[in-house]
Amino acid sequence: MKTLLWLSVASTLVVLSVSVTAEQKLKNCNEVRAAYSSKGFNVNDVPNKGVNGAPLKVCPQGFSCCTVEMEEKLSQQSRSDLKAPVSRLSTGLQSNFKQKHDHFDTFFRELLKNAEGSLHNMFVRTYGMMYVQNAELFKNFFTSLTRYYQSGSSAVNLDSMLSEFWAELLERMFRLVNVQYEFTDEYMDCVSRYTDQLQPFGDVPRKLRIQLTRAFVATRTFVRGLALIPQVVNKVSTVGASVSCVRAVMKMMYCPYCSGQVALKPCQNYCLNVMRGCLANQADLDTEWNNFLDAMLSLAERLEGPFNFESVVEPIDVKISDAIMNMQENSMQVSQKVFQGCGQPKPSAAFRTRRSLKETSFTGRFRPYSPDARPTTAAGTSLDRLTTDVKKKLKQAKKFWSTLPETMCAGERIAAGDECWNGTAKSRYESVVIGNGLANQVSNPDVAVDITKPDVIIRSQIAVLKEMTSWLKAAHSGNDISVENDEGGSGGEESGSGCDSPSCDTDQFYFSTPPNPSNPRVNKVAVNPASSAKVAAHGSMALALCGLALAWLAPHLR
């Protein structure tokens, strides 16, 4: 009994001691004046000693070093204090992904430019004037690829562009390997109608179409996703705080001033409830934000694997040369089939001498770059290095919005343990920490949140993320969703030249009527870089084929 009495007396003495200490501080508001002045406010707003706090609207209404005017100014400061860390964190995220987008974009553009330069240099050395006289065909090819990368199917129909490229290349090649004949425009139109059946370039056009479509769709969609991140972050981070939120932040951060406890910091759980109330709408973005980032990560895996833009574009000169040599090798069979279907052309009156053959025939010898001499990087980096880095950043950005309260209620901003400001006094915070998101704020004990009025900006960005996620998922399957919308879901993947059915055998062509338009089944082909062995074989093969072509042309000259 005596022990309990002693504890009761001791407890009372401690409370009285704290009360006396606080009252002594309130008799002198010098610490409050200094802290208030450090925020940029007029020190004369602060009373020299404690006053009656009954008029106060936010802070405890006892003996106080605060006035109503001070509350108003500290509320304005609270709005800035809330905005500053959100702005800082958001700006860092924006800057990071803006930089990643620029790196990827520069890399892809330079890769295309380098590929064009590589093809030009190779073909000048290989085919000389024959290439120079037809160089605009290849220049237009790369210009169209660049436009497609920049603007997608709204600017370039990739299937149509590739079909037109191969058709025009066939026309020019056909003239070059049959220089002893004259061909009218109508005759060449007939040749073009049977390009798909003749397959003069072998399987290269079909494989290249699939590889280019997948790689370009994945690449440009991924870059668009990177560009979207800073845009979304910028719009979401500008969402303003409500009046009730500002009041709650002011109460949490500055009401200790009024009792003279300027160094007292809020309890962590108290801070979490306030911030989760203030950032409830932002937290609702998190689900779609995470879905979007997951889709970006999945597409990045594709870029490292079967849809690797670098492994498709960098050796494109070798792939096109493969096609040209296929045409050279099969030129006699192709010409015979064309003559059967389109008629025997008239001999050229100007073609009379061996000199004419030497000057006009296609006799280039293929001399590719060695693997060591070929360009291997663009923008001073590689796709693997870029994707490895950006995947790390994408993973770090997950749950950014839902963890903002925890980020802001950490470190020096809060006080650990029970020696903290709980909203009314220096003591333990007893309320339960509520969950993230607008729906959970109905039970928030520290912030009045109207859960019936979601923020319009946040909701619009949720819709934007959903749409972009659907594009990313389509690109993951090799489909351009905008093409699907325009062309009934083809996705740009299953159209183009090539035939896999037995009826497409080259010995079974019939030219009595033009072939019906069709969308043949196309086997999906993974992207594989040209092997160095195949590159090395081109030189000797082309030389042999040129000899074969000359041997075939010789009888026609007599």
Side-chain angles (χ1 to χ4, degrees), residues 35 38-39 58 74-97 229-230 232-257 261-287 289-290 293 393 396-423 428-429 431-441 443-449 451 455 457-458 461:
S38 70
K39 298 295 180 181
V58 179
L74 289 172
S75 291
Q76 296 172 9
Q77 180 65 35
S78 298
R79 188 181 296 274
S80 299
D81 290 341
L82 175 63
K83 182 178 179 180
V86 174
S87 177
R88 185 184 70 255
L89 293 168
S90 299
T91 299
L93 196 63
Q94 289 180 64
S95 176
N96 209 323
F97 280 100
I229 294 176
V232 171
V233 173
N234 179 58
K235 291 181 179 179
V236 174
S237 63
T238 59
V239 171
S242 66
V243 173
S244 60
C245 169
V246 173
R247 287 171 61 93
V249 173
M250 186 267 174
K251 180 179 180 180
M252 179 181 73
M253 295 183 67
Y254 295 116
C255 281
Y257 283 31
Q261 304 174 89
V262 295
L264 186 60
K265 296 178 180 179
C267 304
Q268 185 174 33
N269 287 350
Y270 174 37
C271 178
L272 284 174
N273 273 346
V274 171
M275 291 305 168
R276 287 185 177 181
C278 290
L279 300 171
N281 280 286
Q282 286 85 340
D284 279 348
L285 186 77
D286 219 46
T287 298
W289 173 261
N290 292 335
L293 294 179
K393 299 300 181 185
Q396 291 173 348
K398 291 187 69 175
K399 298 185 178 180
F400 175 80
W401 305 105
S402 62
T403 57
L404 269 179
E406 281 81 356
T407 304
M408 297 175 67
C409 295
E412 296 181 354
R413 298 175 63 89
I414 55 94
D418 297 337
E419 297 293 305
C420 54
W421 174 251
N422 68 3
R428 175 194 294 270
Y429 182 74
S431 298
V432 176
V433 179
I434 52 93
N436 279 303
L438 196 61
N440 286 314
Q441 304 314 307
S443 57
N444 194 314
D446 297 295
V447 187
V449 181
I451 65 171
D455 185 86
I457 294 176
I458 301 291
Q461 294 311 298

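Counting begins at 1 with the first residue of the sequence.
Shortest non-hydrogen contact noted between S75 and V246 is O-CG1, 3.2 Å. For C278 against Q282, the heavy-atom pair with the smallest separation is O-OE1, 4.1 Å. Listed here is the closest heavy atom pair of N281 and I458: O-CG2, 3.2 Å. Closest of all the heavy-atom pairs between Y254 and Q77 is OH-CG, 3.3 Å. Smallest separation of non-hydrogen atoms from A397 and F97: CB-CE1, 4.1 Å. Nearest approach of A248 to D446, heavy atoms of both residues: CB-O, 3.4 Å.
No side-chain donor-acceptor contact under 3.5 Å links N273 to the backbone of N444. With S38 contributing its side chain and A35 its backbone, the two residues share a donor-acceptor pair below 3.5 Å. A distance-only check finds a donor-acceptor pair linking the side chain of Q441 to the backbone of G437 [under 3.5 Å]. S443 contributes a side-chain N or O that, together with a main-chain N or O of N440, makes up a donor-acceptor pair within less than 3.5 Å. The backbone N or O of K251 lies less than 3.5 Å from a partner atom in the side chain of W421, making a donor-acceptor pair. Using modelled atom types, one side-chain atom of R79 and one backbone atom of A241 make a donor-acceptor pair closer than 3.5 Å. In this structure, the side chain of T91 does not engage the main chain of R88 through any donor-acceptor pair within 3.5 Å.
Rounded to the nearest 0.5 Å, atoms CD (Q94) and CG (N234) are 4.5 Å apart. Here L293 contributes atom CG and K393 contributes atom NZ; the two are 14.0 Å apart, rounded to the nearest 0.5 Å. Put simply, CH2 on W289 and CD1 on I229 are 5.5 Å apart, with the number rounded to the nearest 0.5 Å. One finds the CD atom of Q268 at 9.5 Å from the SG atom of C420 (value rounded to the nearest 0.5 Å). Between the CH2 atom of W401 and the CG atom of L89 there is a distance of 9.5 Å, given to the nearest 0.5 Å. One finds the CG atom of D286 at 11.5 Å from the CG atom of L279 (value rounded to the nearest 0.5 Å).
You'll find the side chain of S242 stays beyond 4.5 Å of the side chain of V449, heavy atoms only. Looking at heavy atoms from C-beta onward, C255 lies in side-chain contact with M250 at the 4.5 angstrom threshold.
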Practice problem: Go through V232 and L285 one step at a time and tell me if the side-chain contact (heavy atoms from CB on, under 4.5 Å) criterion holds. | Solution: CA-CA 10 Å; V232 171; L285 186 77; 4.3 Å; yes
Practice prompt. With side-chain contact (heavy atoms from CB on, under 4.5 Å) as the test, would you mind laying out the steps for M252 and M275 before giving the verdict?
Written response: CA-CA 10 Å; M252 179 181 73; M275 291 305 168; 3.9 Å; yes
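For K399, there are no salt bridge (charged side-chain N to carboxylate O under 4.0 Å, His left out) partners at least two apart in sequence or on another chain.
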Which donor-acceptor pairs under 3.5 Å do side chains of residues 405-414 form with protein atoms, sequence neighbours excluded?
from : atom 1 : to   : atom 2 : distance (Å)
E406 : OE2    : R276 : NH2    : 2.4
T407 : OG1    : T403 : O      : 2.9
R413 : NE     : M408 : O      : 2.7

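For the side chain to side chain contact (heavy atoms under 4.5 Å, CB included) test with S90, the passing option among S95, S237, P230 is S237; the others fail.
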